[in-house]
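What follows is one structure encoded as structure tokens, with my remarks underneath.
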Amino acid sequence: MSTVTKPRAPTVRSRLREAKRFSWTGFAVTVAASLLGTLVPAAIGAGPNATLISTLVVTVLVAGGFTAKDGSAARGIKAIAIVLLAVGALVLTVTGVTVLDVVRGRPATFPVGPDAAPAALLVPESVTCGTTPVRTTAYCAVAVRSVGAGPLRVSGIELDSEEFTVDASACVGAEVVPGKRCTLVVSFTPEWTGNRVADLTVHHNVPGPASFVELTGRGG
């Protein structure tokens, strides 16, 4: 008497493996969409909650739209593929962006991430470089103090006068911990006699506009 062995029903894993759209390509497309859904709202200042919602919606829609075109997979397998692609892309995006926020000391992009300690700075409203003969250089200093809870980073300096120059090497690109300061060394070389005024712009990682210092000097 012979026995007939029934073929084993395909498992979910094997059916997922056979699905054409459930692949590394599909995962890469979903991750790219997830990042796009994060970066655009964050760039326009939509806020952590709106950014998270945008990321969730865009990721699920792209995972669903990409997988729905797979004619080789059953509806149940498509649903499982959508969930796996979306969850994997979301975990990768949220984790990566949150870690990057912490490393760069920026405010959290997502509400699930820890808020970076806020930075703050204190600069004088004005600094005088004194009186110096024409085409002779005088020096003065601008102290940039870190007074927030997080580290201060000066990203750039601007001056609107050719008679004033600044050595910002001690500040630009440096991390100034709370309670410490860095110093901008200003050189003043008047071309003519009389009073001179210039605006020094300090760009930084503190929320809000750049900071301004009025520089004054007199050519004698």
Residues Ser146, Lys180; criterion side chain to side chain contact (heavy atoms under 4.5 Å, CB included); working and verdict: CA-CA 6 Å; Ser146 177; Lys180 299 295 183 180; 5.6 Å; no
Step by step, would you call Val176 with Val154 a side chain to side chain contact (heavy atoms under 4.5 Å, CB included)? CA-CA 9 Å; Val176 186; Val154 177; 5.6 Å; no
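The two residues His204 and Val202 have their closest heavy-atom pair at CD2-O, 3.3 Å. Nearest heavy atoms, Cys182 versus Ala170: CB-O, 3.5 Å. When every heavy atom of Ala198 is checked against every heavy atom of Ser161, the shortest pair comes out as CB-CB, 3.6 Å.
Residue Phe66 holds its CZ atom at 15.0 Å from CG of Leu61, rounded to the nearest 0.5 Å. Note that CD of Glu158 and CG of Asp199 are 10.5 Å apart. Values are rounded to the nearest 0.5 Å. If you take CG on Leu200 and CD on Glu214, they are separated by 11.0 Å, rounding to the nearest 0.5 Å. To the nearest 0.5 angstrom, Phe188 atom CZ is 10.0 Å from Leu215 atom CG. Here the CD1 atom belonging to Ile80 is positioned 12.0 Å from the CG atom belonging to Leu85, to the nearest 0.5 angstrom. Rounding to the nearest 0.5 angstrom, the gap separating the CZ atom in Arg218 from the CZ atom in Arg196 is 9.0 Å.
A 4.5 Å side-chain heavy-atom check between Thr216 and Ser126 finds every atom pair outside the cut-off. The side-chain heavy atoms of Val186 and Val127, taken from C-beta on, include no pair separated by under 4.5 Å.
A donor-acceptor distance shorter than 3.5 angstrom exists from the side chain of Asn205 to the backbone of Pro151, with no hydrogens or angles considered. Between the side chain of Asp167 and the main chain of Val185, no donor-acceptor pair closer than 3.5 Å is present.
Residues Leu184 and Leu152 share a hydrophobic cluster, clusters being chains of Ile/Leu/Val/Met/Phe/Trp/Tyr side chains in contact below 4.5 Å. Hydrophobic clustering keeps Val58 apart from Val97 (ILVMFWY residues linked when any side-chain heavy atoms are closer than 4.5 Å, directly or through intermediates).
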Please set out all donor-acceptor pairs under 3.5 angstrom arising from side-chain atoms of residues 28-51, sequence neighbours excluded.
from  : atom 1 : to    : atom 2 : distance (Å)
Thr30 : OG1    : Gly26 : O      : 2.8
Ser34 : OG     : Thr59 : OG1    : 3.2
Ser34 : OG     : Thr93 : OG1    : 2.8
Thr38 : OG1    : Ser34 : O      : 3.0
Thr38 : OG1    : Thr55 : OG1    : 2.7
Thr51 : OG1    : Gly47 : O      : 2.7

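In Glu125, the CD atom is not crowded: 12 or fewer heavy atoms of neighbouring residues, nucleotides or ligands sit closer than 6.0 Å.
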